[in-house]
Chemist: 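Quick one: structure below, then a few questions.
Keep in mind that this is a model prediction, so the values were computed, not measured. Excluded from the calculations below are hydrogen atoms, water molecules and symmetry mates; all remaining heavy atoms, backbone and side chain alike, are included.
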Amino acid sequence: MKFRRIKKGDFLLLLLIVLMVLPQTRQPIQIAFHSVLSSFAPLVINNEEQKRILFESWRLRDLDGNEFNFNNSKNRVVIVNLWATWCPPCIAEFQGIQNLYDDYGGKVDFILVSDESPMTIQNFLNDNEYNIKVYTPISEYPSYFDSKSIPRTYIIDRQGRIVIDKKGAANWNSKKVRDQLDKLLKAS
């Protein structure tokens with residue numbers, strides 16, 4: 001019986017498989033992988049394909065216990081991000097969202113929503129030195145927000161049209177996204 005000689009590529013593949021099995025190394029590898037995938041900016045939806053939403057009474061609670069009603073964002077530019085602290089693609093794109101929030105937080109409503117406990121979310125924010133406001137839902141998600149796949153991010157214009165609907169991680173701090181937000185903020 002002849003054995004095939006082990007090649008360097010075989011060894012690297014085996015090492016990657018072992019690292020993906022170990023809980024201590026799996027998440028950092030997944031985050032790194034999704035960071036590479038999320039280096040692309042999301043695509044803007046064509047005008048004719050944009051869905052219009054209603055700013056219905058979607059009740060949320062921030063980590064301090066204060067209630068927020070989604071209909072308060074009517075006539076504003078809004079970014080809705082559905083995410084979780086355990087989700088590698090969510091973690092991979094979070095710094096970009098924080099950077100965007102640092103520059104647009106006073107002009108755009110950032111509504112980051114997680115179904116996790118406030119303590120879990122706060123620990124994640126503290127550990128990573130993020131200062132963006134995060135909410136947990138009090139009432140059911142509106143039907144136009146698909147909360148089954150995360151991360152899921154929507155950018156909504158002042159007229160309530162979804163101009164970006166992105167499943168998976170993306171580079172939210174890209175020039176393309178910033179240009180789109182600037183355009184939406186200038187529109188009346």
Side-chain angles (χ1 to χ4, degrees), residues 23 26-28 30-31 34-35 38 42 51-173 177-178 180-182 184-185:
R26 178 180 36 240
Q27 189 179 43
Q30 289 175 325
I31 292 168
H34 286 287
S35 292
S38 71
K51 295 178 187 171
R52 187 176 296 274
I53 66 164
L54 303 171
F55 284 89
E56 58 196 51
S57 185
W58 182 31
R59 293 179 33 241
L60 305 165
R61 180 172 287 130
D62 70 19
L63 301 183
D64 295 325
N66 303 311
E67 283 196 29
F68 176 81
N69 198 320
F70 184 59
N71 63 18
N72 293 341
S73 291
K74 191 172 187 174
N75 301 319
R76 300 208 15 103
V77 176
V78 182
I79 296 176
V80 175
N81 176 262
L82 310 177
W83 71 287
T85 63
W86 52 262
C87 164
C90 302
I91 296 167
E93 74 175 4
F94 208 95
Q95 183 62 57
I97 294 172
Q98 175 66 57
N99 293 343
L100 196 63
Y101 172 79
D102 290 343
D103 292 338
Y104 286 88
K107 305 174 219 168
V108 173
D109 285 355
F110 284 77
I111 302 174
L112 281 69
V113 182
S114 175
D115 289 329
E116 297 172 285
S117 75
M119 181 184 295
T120 299
I121 298 166
Q122 190 62 61
N123 288 340
F124 172 83
L125 296 174
N126 292 344
D127 291 347
N128 294 285
E129 299 180 1
Y130 295 134
N131 66 348
I132 193 167
K133 190 174 271 198
V134 176
Y135 300 91
T136 58
I138 299 172
S139 61
E140 292 294 318
Y141 287 82
S143 60
Y144 39 81
F145 292 147
D146 178 12
S147 62
K148 295 178 191 91
S149 65
I150 57 173
R152 184 78 180 258
T153 306
Y154 305 87
I155 296 183
I156 304 162
D157 70 9
R158 294 176 196 258
Q159 290 75 39
R161 292 183 305 240
I162 298 175
V163 296
I164 293 178
D165 176 355
K166 174 67 173 132
K167 293 178 188 173
N171 179 5
W172 294 104
N173 194 35
V177 171
R178 288 172 171 273
Q180 182 63 39
L181 287 177
D182 291 339
L184 294 175
L185 289 167

Chemist: Would you say the side chains of Tyr104 and Asn99 form a donor-acceptor pair under 3.5 Å?
Modeler: no
Chemist: Taking side chain as C-beta onward, heavy atoms only, is Leu125 less than 4.5 Å from Leu63?
Modeler: yes
Chemist: Check whether any side-chain heavy atom of Leu181 sits under 4.5 Å from a side-chain heavy atom of Val77, and report yes or no.
Modeler: yes
Chemist: Do Ile111 and Ile79 have side chains that approach each other closer than 4.5 Å (heavy atoms only, starting at C-beta)?
Modeler: no
Chemist: Test your reading of the model: is there a side-chain donor-acceptor pair from Ser73 to the backbone of Arg76, 3.5 Å cut-off?
Modeler: no
Chemist: Nearest 0.5 Å please: distance from the CZ atom of Phe124 over to the SG atom of Cys90.
Modeler: 8.5 Å
Chemist: Taking atom types as modelled and ignoring hydrogens, do the side chains of Glu93 and Asn81 form a donor-acceptor contact shorter than 3.5 angstrom?
Modeler: yes
Chemist: Checking Tyr141 against Asp115 for the side chain to side chain donor-acceptor pair (under 3.5 Å) test, could you report, in this order, the C-alpha distance in whole Å, the side-chain angles of both residues, the deciding distance, and whether it holds?
Modeler: CA-CA 11 Å; Tyr141 287 82; Asp115 289 329; 2.7 Å; yes
Chemist: Is there a donor-acceptor pair under 3.5 Å between the side chain of Asn128 and the backbone N or O of Tyr130?
Modeler: no
Chemist: Working to the nearest 0.5 angstrom, can you tell me the gap between Glu129 CD and Gln95 CD?
Modeler: 9.5 Å
Chemist: Decide yes or no for Trp172 and Ile164: does some side-chain heavy atom of the first lie under 4.5 Å from some side-chain heavy atom of the second?
Modeler: yes
Chemist: Do Val113 and Trp83 touch side chain to side chain, with heavy atoms closer than 4.5 Å?
Modeler: no
Chemist: Which word best sums up how the rings of Trp58 and Phe70 line up, parallel for under 30°, tilted for 30 to 60°, or perpendicular for over 60°?
Modeler: perpendicular
Chemist: Does the side chain of Gln98 pick up a donor-acceptor pair with the side chain of Asn173 at under 3.5 Å?
Modeler: no
Chemist: Do Leu185 and Val108 come within less than 4.5 Å of each other through their side chains, counting heavy atoms only?
Modeler: yes
Chemist: Between Lys166 and Ala170, what is the shortest heavy-atom contact and its length?
Modeler: CE-CB, 3.8 Å
Chemist: Looking only at heavy atoms, what is the nearest atom pair of Thr120 and Ser117, with distance?
Modeler: OG1-OG, 2.9 Å
Chemist: Whether the Asn66 and Tyr135 side chains hold a donor-acceptor pair (N or O, under 3.5 Å, no angle test) is what I'd like checked.
Modeler: no
Chemist: Please report the C-alpha distance between Asp62 and Val134 in whole Å, then the side-chain angles of each, then the deciding distance to 0.1 Å, and finally whether the side-chain contact (heavy atoms from CB on, under 4.5 Å) criterion is met.
Modeler: CA-CA 6 Å; Asp62 70 19; Val134 176; over 6 Å; no
Chemist: Ignoring hydrogens, what is the shortest heavy-atom contact between Pro137 and Leu60? Give both atom names and the distance.
Modeler: CA-CD2, 3.7 Å
Chemist: How many angstroms lie between OG1 in Thr85 and CD in Glu116, if you round to the nearest 0.5 Å?
Modeler: 3.0 Å
Chemist: Hey, could you give me the OG1/CD1 distance between Thr153 and Ile162, rounded to the nearest 0.5 Å?
Modeler: 11.5 Å
Chemist: Using 30° and 60° as the class limits, which term best fits the ring planes of Tyr101 and Phe110: parallel, tilted or perpendicular?
Modeler: perpendicular
Chemist: For the pair Glu67 (side chain) and Arg59 (backbone), establish whether a donor and an acceptor sit closer than 3.5 Å, ignoring hydrogens and angles.
Modeler: no
Chemist: Would you indicate whether the side-chain heavy atoms of Asn72 and Phe55 approach each other to under 4.5 Å?
Modeler: no
Chemist: Specify whether Tyr154 and Phe145 have parallel, tilted or perpendicular ring planes, treating 30° as the upper limit for parallel and 60° as the lower limit for perpendicular.
Modeler: tilted
Chemist: Does the side chain of Leu82 come within less than 4.5 Å of Pro151's, by heavy atoms?
Modeler: no
Chemist: Are Lys133 and Asp64 close enough for a salt bridge, meaning some N to O gap below 4.0 Å?
Modeler: no
Chemist: How far does CG of Asp127 sit from CD of Gln122, to the nearest 0.5 angstrom?
Modeler: 10.0 Å
Chemist: Check this for me, if you would: do Arg178 and Asp103 make a salt bridge, where the nitrogen-to-carboxylate-oxygen distance has to be below 4.0 angstrom?
Modeler: yes
Chemist: Can Ser57 and Asn69 be counted as having a side-chain donor-acceptor contact under 3.5 angstrom?
Modeler: yes
Chemist: Hey, could you give me the CD1/CG distance between Ile53 and Asp157, rounded to the nearest 0.5 Å?
Modeler: 9.0 Å
